Each structure stands twice: as C-alpha cells, then as structure tokens.
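Worth knowing before you read on, the calculation uses all heavy atoms, side chains too, and leaves out hydrogens, waters and symmetry mates. What you see is a predicted model, and the numbers here were worked out from it, not measured in a lab. Residue numbers count from 1 along this sequence.
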Amino acid sequence: MTTVHEAWRQLAAAADGPVLEQLRRAARGEETTWSLSLHHWDKGMDPAAPAALPFLIALVREPDRPNREELLSVLLRLVGIDRQEAPERVAPGWAAAWREHRTALEPLLDDPVLEVRRTALHLTERAAPLLARIPEQSESWFRAKQLIRLGEVADPADDAARTLLTDTLRDADGPDAAAHRLAALWGLAALDAAEPERWADQWVAAVLDPATPAAVERLWTEPDDDHPATVGREIIWTGRSLPPRLAAHLTVRLARAAADAGRHELCGTALDAGWHPLLDLPSAGPLWPATAGALLSSPAPEVRHRAAAVLAVLGRAAAPYADALHARLADTDGDEFLDGTTADQARWALARLGDPRVLPDLVERLRELERENGRGYVTGDPRRPEPYDALLPLHGHAAVLRPQVAQWAREAESHAWPGHHPGVRLLAAWDGPADDPDPPADPEAAARGLLRIPPVRRYREDRYLHLAAVSAVAELSRRGPLSPGVRAAAEHALSLDRRLSPLGDYRAVLDDERLREVLRGALRGEAVVMPPLSHWDPHDFE
C-alpha cells in the first residue's frame, strides 16, 4: 500500500495513528477494531473514511484474504451511513471518493464466495454491470435479486434496463415462469417507482398466481439459507426495500386482491408490508380506509387484527367504519406475533373517533396492559397504545374521562416518581399548555430550521430539530405576523410527504397530526401554542 504514494499521503494526512495502524493490521490479515475507528455511533463517519476507501477496496478484492468479510461489513456500514443517515454524519469528500472507486467493487458480483456476491450486489449502484451479467446468470436466486436491483439502480430512461426486464416478463415460460415474471415485475416496479399504476396489476397477478409459491421456493432459496424462500417473506423484504410510496400502492392493491381471491395469508402479509409506509407517509393514509374497513370482516384473525390497527392509525378517516369497529369489541382473537387483540385495536380506533360507546370504561380498558408482566412486541409493529398516548388527544371528552383519569392519577402516591405518573401528566396536559421549552434566543433562526428537514426520513437525523422548530413557530405566532422566511419554512415542512415526528411507531402519526395543526394555525395568522405530545423519554419504563 505504501507504494501508492499519493493516496497514502492523503490518508496519512487525514487519519490519526490508530486508523493507520489498524489498516496495516488488516493488510496483514489480523483482526482489527477497524469499524470503531472509521465510524462512530455518536458522530457518524470518520473524516479519514474517504481517504481510506481505496485501500479498503483493495483489501476486499484479494480473494484469499482471511478477514475479507469483516472488511466488507465495514465498507457496507460506511456506504449505509451515506445512504441512510443525516448529511452531517457523512465525512466531507465521501461522495466524490465513492463515485471514483465504487466501480472497482463490481467484479465481486462474480466472486465464488456467496456472502461476497450478496454484499457486492447491495453495493452496486450502476446498471451496466448487471445488464452484462443477468443474461448469463445461472444461479436462479441471484438472478432474481439482480433483476430487482437493476430496477432500483437503473435510470428510468435506460432503454436497455427496461428492455431486459420487459423481455423477461414477456418471454418467461415453463414451470419456473411465475418466479421469473415476479422478479422482473419487482424490478420494473422499482424502475417505475414514480408511476406505480404502470405495473401494479401485473405484479398482483404474479403474486397470486397459484404456481408462484412453489417456483419461488425452488428458484429463490439462497444456498446458505436454512429456511426456503416464500412469497410472503419476499413481499415483506421487497416492501421494505422499495420506495415507501410505491410499497404503499402495491400493498393496498395486493391486500384487496388477496382477500377477494381467498388468499388470506397473503392478505395478512400485504397488511404487514404496508404498515411502515403508512407510519412514514401522510399520503399513504387515504389509500387504506376502504380496504381496511372491508377486511374487518375477514375470516382470518390476523387479518382482522391488522385491519383494525390500520383504522386506528387513520383516525378520523375511519369514521365510516365505526359500527364495524364496534362489532369487533368482542373479538378476542389476534395475530400470534403481535401485542393485544383485535378488540384492543378496535377500541383504540373508536377512541380516536371520540365514539361515546367506548368512553365510559376506556381508561380501565387501556390500563389493562399495565397489569401485565411485560409485552412481547417490536416497537414499530401494530400494538396497543400506551394509555397516556391514547388519551392525550381526548381532552374534548374530559367530562366523561376526567373521573377515570383522576382515579388513575391517585395511584401516583405509590409510584416511584409521583410527578412522572402518566395519569398525573395527562391531567396536567389537559389543564394547560405543554411544558414548552424556554424559547430560543433567536426563534426566527430556529423556525427556519424546518427548511433543513429532508423529504425522506433519515436514520439518525436530528430528532430534536422538528420539535424545537415547530415550538419556535408557535412562539413567533404569539408575537405577531410571521416573517416571509418563517412562513416559507412552515410551508416547506407541511409540503413534505413524511412525518414531522422523530418517532418510528404509531406515535409518529399522533404527533405529526398535532405538529401540522400548529403550523397550519400559525400560517392562518392564529396565535398558537405547542400542544402536548406523546411521551417518548427513553428512560421512562411506563
């Protein structure tokens, strides 16, 4: 490496001692704490990463290197920071270095080691190497993943990529045709992400083809996978890798068509794959009411459970299905992998509507989870709401709910932190404005921070930025008319098809509704206050 004088000089100038020493140890094939030096959990990418990139790629390309997969994982982590995290966590110069050197990784698509091929495909960002390899690809599972990746990285105007995918779709025949068509359709869907109507019907038909499950299991199971590939698992994987807007359109169509075809297992899978786009995108909400309302009467309990959860998140849009939700209050079935029952989700959906039929015993019902010894759930999956979160927006029904909440708050005397008891906090939130932080020294500058919110949610973005900026807008609204700069910032935030909340579960929808109403009120010239928000202190074990 030291013979590459200029590159080494740049690295030595950018890196500190430990990075250089770990690079030398990696070259000798020794185990290193490399990842601890090139990316940091609190700061992001190390400034030396762009200069270290060519050396890291050179090591990864050596076929007999014993620590090759370890170094590949480091490279994958660095690329992931660039793709998924906030721009300030990416080292200056990384984008240019990656564009210059990324093509050196493309030969690894032919590597004999399975894990190397799989990682190289994820790192590939050009259509050309895939167009050259797909027609000659003999591994069916890898061909399928390459077709999907081709759609993700190709330019929509790339005629060669579109032709390859459409030819696969048109010419596939024999017992494996269903799986080949499905792979091509996934690639086309990614290529046409801005126009989901173009391929949605064909994609749904390919998923529902009776021949697809067997063909997918036979052709798409990876050599080292102990669990055969299934259509359901591939839908979940693809739903989380495609652009959320596209995933939302496809999963709604699939849920409706699968229910009509009696394929209830795929209907549940579609609801599962569509859950996170629903949480992430305000525009996904209007796609779901009619479909979720119809699925409340599904014979499959897991479908009913997820449909009720979707309606609960939709809030006021679920009003036409209030009677159907009320009929589910006796439904004690659910999904074995999710928290709570269908009745729990239906009750919360009705509470979101302020339905008087569930208000008299609502607090007691919501508190049932407090008496359980823990809950098994993934935080971002459909689950029962915390009582505080569910009751917070219902201050308009305080006449019915306040005695129940007061009884709950009386338990604060035995609480470890009496003032932190959720019932006490709830009464305080109902009785006055939120605990606004002290206004910033320059609220104009803080409010203009809304302009920095990216259109797509990024991992490890500044989660406090949204709350502080909206609070600043509220403060300025009480001082007089908003300045043009603050109005532009508020309008920018409202135009984004993403949640303004930093949370990643049902609370993101609840808080996003409140934050957007603050901004709309301020733009209308009203003097607004920051509303109480869902409780998200990570140190609170309520």
Side-chain angles (χ1 to χ4, degrees), residues 69 76 109-124 130 133-153 164-165 168-169 171-191 199-200 202-242 246-247 250-251 253-255 257-258 261 263-276 300 302-303 335-337 378 381:
E69 292 186 18
L76 195 61
L109 290 168
D110 301 317
D111 197 271
V113 179
L114 168 67
E115 187 58 37
V116 172
R117 292 198 302 278
R118 196 156 43 197
T119 304
L121 180 62
H122 186 72
L123 294 172
T124 298
L130 299 175
R133 288 170 172 81
I134 289 174
E136 309 300 326
Q137 183 57 242
S138 59
E139 291 180 290
S140 294
W141 72 271
F142 200 44
R143 178 185 175 90
K145 292 193 179 299
Q146 285 178 318
L147 286 167
I148 297 171
R149 186 64 180 163
L150 175 63
E152 293 171 348
V153 302
L164 176 58
L165 292 167
T168 304
L169 176 63
D171 298 335
D173 56 12
D176 301 331
H180 289 151
R181 283 200 305 272
L182 188 57
L185 279 165
W186 262 324
L188 283 166
L191 190 67
W199 302 105
Q202 288 176 277
W203 181 84
V204 169
V207 171
L208 296 178
D209 187 331
T212 295
V216 166
E217 179 177 341
R218 182 172 62 257
L219 295 178
W220 290 19
T221 301
E222 299 184 23
D224 64 342
D225 198 337
D226 295 331
H227 303 283
T230 65
V231 175
R233 194 171 72 173
E234 296 302 322
I235 290 170
I236 296 295
W237 175 80
T238 306
R240 293 177 182 175
S241 61
L242 290 176
L246 174 59
L250 294 181
T251 51
R253 287 193 180 221
L254 178 58
R263 299 285 296 278
H264 304 298
E265 77 288 353
L266 287 179
C267 186
T269 299
L271 286 164
D272 189 5
W275 176 253
H276 287 283
E302 65 276 9
V303 173
D335 187 309
E336 63 176 317
F337 299 109
V378 177
D381 282 350

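- Between Arg117 and Glu115, no side-chain nitrogen of the basic residue sits less than 4.0 Å from a carboxylate oxygen of the acidic one, so the salt-bridge criterion is not met.
- Formation of a donor-acceptor pair under 3.5 Å by the Thr221 side chain with backbone atoms of Ala229 is found in this model.
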- [ ] Apply side-chain contact (heavy atoms from CB on, under 4.5 Å) to Leu182 and Glu234, showing your working.
- [x] CA-CA 10 Å; Leu182 188 57; Glu234 296 302 322; over 6 Å; no
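- Side-chain contact between Glu69 and Val113: present, with at least one pair of heavy atoms (C-beta onward) separated by less than 4.5 Å.
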- [ ] Go through the steps for Trp237 and Ile148 under the test side-chain contact (heavy atoms from CB on, under 4.5 Å), then give the verdict.
- [x] CA-CA 11 Å; Trp237 175 80; Ile148 297 171; 3.9 Å; yes
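- A heavy-atom distance below 4.5 Å is not found between the side chains of Leu271 and Glu302.
- Here His276 contributes atom NE2 and Asp381 contributes atom CG; the two are 5.5 Å apart, rounded to the nearest 0.5 Å.
- In this structure, CG in Leu147 is found 13.5 Å from CZ in Arg181, a value given to the nearest 0.5 Å.
- The distance from atom CH2 of Trp203 to atom CG of Leu169, rounded to the nearest 0.5 Å, is 14.5 Å.
- A side-chain donor-acceptor contact under 3.5 Å links Gln137 to the backbone of Glu139.
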TODO: Please test Leu109 against Leu130 for side-chain contact (heavy atoms from CB on, under 4.5 Å), starting from the C-alpha separation and ending with a verdict.
DONE: CA-CA 9 Å; Leu109 290 168; Leu130 299 175; 4.2 Å; yes
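- Residue Val204 comes nearest to Ala257 through the heavy atom pair CG1-CB, 3.5 Å, listed as atom of the first residue, atom of the second, then distance.
- Side-chain N or O atoms of Arg253 include none that pairs as donor or acceptor with a backbone N or O of Ala200 at under 3.5 Å.
- The heavy-atom pair separating Thr251 from Ala247 by the smallest distance is OG1-O, 2.7 Å.
- The side-chain heavy atoms of Gln202 and Leu188, taken from C-beta on, include no pair separated by under 4.5 Å.
- We find the CZ-CG distance between Arg133 and Leu150 to be 12.5 Å, quoted to the nearest 0.5 Å.
- Scanning all heavy atoms of the two residues, the minimum distance from Leu114 to Pro223 falls at CD1-CD, 4.1 Å.
- Checking side-chain atoms of Thr212 against main-chain N and O of Leu208 turns up no donor-acceptor pair under 3.5 Å.
- Of the possible donor and acceptor atoms, one in the side chain of Arg233 sits under 3.5 Å from a partner among the backbone N and O of His227.
- To the nearest 0.5 Å, the span separating NZ on Lys145 from CH2 on Trp186 amounts to 9.0 Å.
- At a threshold of 4.5 Å between non-hydrogen side-chain atoms, the residues Trp199 and Leu165 do not count as touching.
- Asp111 is linked by a side chain to side chain donor-acceptor pair (under 3.5 Å) to Arg68, counting only residues two or more places apart in sequence or in another chain.
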Task: Step-by-step side-chain contact (heavy atoms from CB on, under 4.5 Å) determination, Thr230 to Glu265 - done: CA-CA 12 Å; Thr230 65; Glu265 77 288 353; over 6 Å; no
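- Closest heavy-atom contact between Trp220 and Trp141: O-CB, 3.5 Å.
- Across all their heavy atoms, Arg143 and Thr168 have their closest contact at NH2-OG1, 4.1 Å.
- For the atom pair CG (Leu123) and CG (Leu76), the distance works out to 5.5 Å, reported to the nearest 0.5 Å.
- Minimum heavy-atom separation, Cys267 to Ala255: SG-O, 3.5 Å.
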